[in-house]
Amino acid sequence: MKSIPCPWFSLRHTLESGQFFRWRRLGEGYEVIRRDRVFRVRQEGDRLRFEGADADFIRHFFALDHDLPAIHAALEGDPVLRDPLERYRGLRILRQDPWECVAAFLTSMASNIPRITRNVEDMAAAFGTPPAFPRPEQMGTETQLRALRLGFRARYLAAAAGLARDGRLDRLAGRPHEEVRAELMEIPGIAEKVADCVALFACGRLESFPVDTWVRKTMRRLYFRNRRATDLRIREFARRRFGPYAGYAQQVLFIAAREAGVRGSRPAARPA
DNA sequence: GGCCAGGTCCAAT
DNA sequence: ATTGGACATGGC
């Protein structure tokens, strides 16, 4: 079992923040799958212990090169962000595989994290070479995907796989956010929200600020005095206010809103 | 049981 | 430019 230092890192917050779906708790740590790599990893203080991958891969995937102190410094001046930043300290935006990210977030539409996770696992089990997620050319047909209960997402997944076969998604990393968005939005089923997720989670666009239902609600409450605000206004506001690391602000707002919302919407446990 | 969920598309304002 | 309904399925 190899090990590397990991200052300013929380494996749990990073994996469990809803940006990525191919992990499961295993013993004291996690088993993680990215493309055809299956590895186990656990955190012990400021060290990461892992097997099944090499140190360069781990540093790259977990974005240990992101300058977290600078990102916190840039964001924690905002009184709204201070608490969630502290609560989820060490959460990093992963470097996901673009195709797997596209597929996961196409699956995410009008869904929820437990179901997305199930759907992604089902696709990985059904096509290609399990447990790796199927590459675009291995993806199932619309009919096969419907049989996996993907519903209306099946058509989009199948079409996206067809378009992704030429490797276009692999040429997105490092390009300007607007170009990345525009190219992704040519794929049927991808509009602004999914494009922004892929830009953020797989193309290195840390300024991307995906506006989903949780972020919309929490942004309206925290910054728009509960007024109506279009997603475009919310994104423009976020870009101005949060700057080049708006994506980090988005992820802590998302996970904070979701954890509060999920707790709050369930009846309190009745004492025995 | 009906409403709504990490949305998108299309048609009708 | 903005708004409403359809789209599948599942959880509450």
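A quick note: this is a predicted structure, and the numbers were derived from the prediction, not measured. As a basis for the values below, the full set of heavy atoms in this structure was taken, side chains included, without hydrogen atoms, waters or symmetry mates. Every chain is numbered from 1 and lettered A, B, ... according to where its sequence line falls, protein lines coming before strand lines.
A heavy atom lying under 4.0 Å from DNA chain C marks the following residues of residues 141-153 of chain A, by number: A/R146, A/R149, A/G151, A/F152, A/R153.
Put simply, the side chain of A/R95 gets close to the backbone of A/H60: a donor and an acceptor are under 3.5 Å apart. Between the side chain of A/E31 and the main chain of A/R22, no donor-acceptor pair closer than 3.5 Å is present.
Remark: the A/E16 side chain and the A/Y30 side chain contain an N/O donor-acceptor pair separated by less than 3.5 Å. Judged by distance alone, the side chains of A/D78 and A/Y223 do bring a donor and an acceptor atom under 3.5 Å apart.
Nearest-nucleotide mapping onto DNA chain C: of A/R118 and A/A110, the residue sitting toward the 5' end is A/A110. Of the residues near DNA chain B, A/M185 and A/S108, the one whose nearest nucleotide (by heavy atom distance) lies more toward the 5' end is A/S108.
Atom-to-atom, CG of A/L157 to C1' of B/dG7 comes out at 13 Å; the value is rounded to the nearest Å. What separates CG of A/N112 from C1' of B/dC4 is a distance of 10 Å, to the nearest Å. In this structure, CH2 of A/W214 is placed 8 Å from P of B/dA5, rounded to the nearest angstrom. Atom CG in A/N119 sits roughly 17 Å away from atom P in B/dA5 (whole-Å rounding). Spacing between atom CZ of A/R216 and atom C1' of C/dT3 amounts to 13 Å, rounded to whole angstrom units. Rounded to whole Å, the distance from CG on A/D231 to P on C/dT2 is 11 Å. Across the protein-nucleic acid pair, A/K193 atom NZ and B/dA5 atom P stand 13 Å apart, rounded to whole Å. Rounded to whole Å, the distance from OH on A/Y156 to P on B/dG7 is 13 Å.
For the pair A/E86 and A/R82, the salt-bridge criterion is not met [side-chain N within less than 4.0 Å of a carboxylate O]. Electrostatic pairing of A/R135 and A/D97 counts as a salt bridge here, judged by a charged N lying under 4.0 Å from a carboxylate O. With respect to A/E44 and A/R49, a salt bridge is recorded, a charged nitrogen being found less than 4.0 Å from a carboxylate O.
Just one of A/R175, A/R168, A/R171 meets the salt bridge (Lys or Arg N to Asp or Glu O under 4.0 Å) condition when paired with A/E183; it is A/R175. For the ring-ring contact (aromatic ring centres under 6.0 Å, His included) test with A/F20, the passing option among A/F62, A/F201, A/F61, A/F133 is A/F61; the others fail.
As rounded to the nearest Å, B/dA5 and C/dG4 have P atoms that lie 15 Å from one another. The gap from the P atom of C/dG5 to that of B/dC3 amounts to 12 Å, rounded to the nearest Å. Taking atom P in both C/dA6 and B/dG2, one finds a spacing of 15 Å when rounded to whole Å.
A/P210 is listed as a side-chain neighbour of A/Q250, based on a closest heavy-atom distance under 4.5 Å.
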Below 3.5 Å is the cut-off: list the nitrogen or oxygen pairs between protein and nucleotides 10-13 of chain B, distance only.
none

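Checked against C/dG10, B/dC9, B/dG6, the side chain of A/R115 finds its nearest nucleotide in C/dG10. Here B/dG6 is the nucleotide among C/dT9, B/dT8, B/dG6 with the atom lying nearest to any side-chain atom of A/V215.
Heavy atoms of A/R228 sit under 4.0 angstrom from primed sugar atoms or phosphate atoms, though from no base atom.
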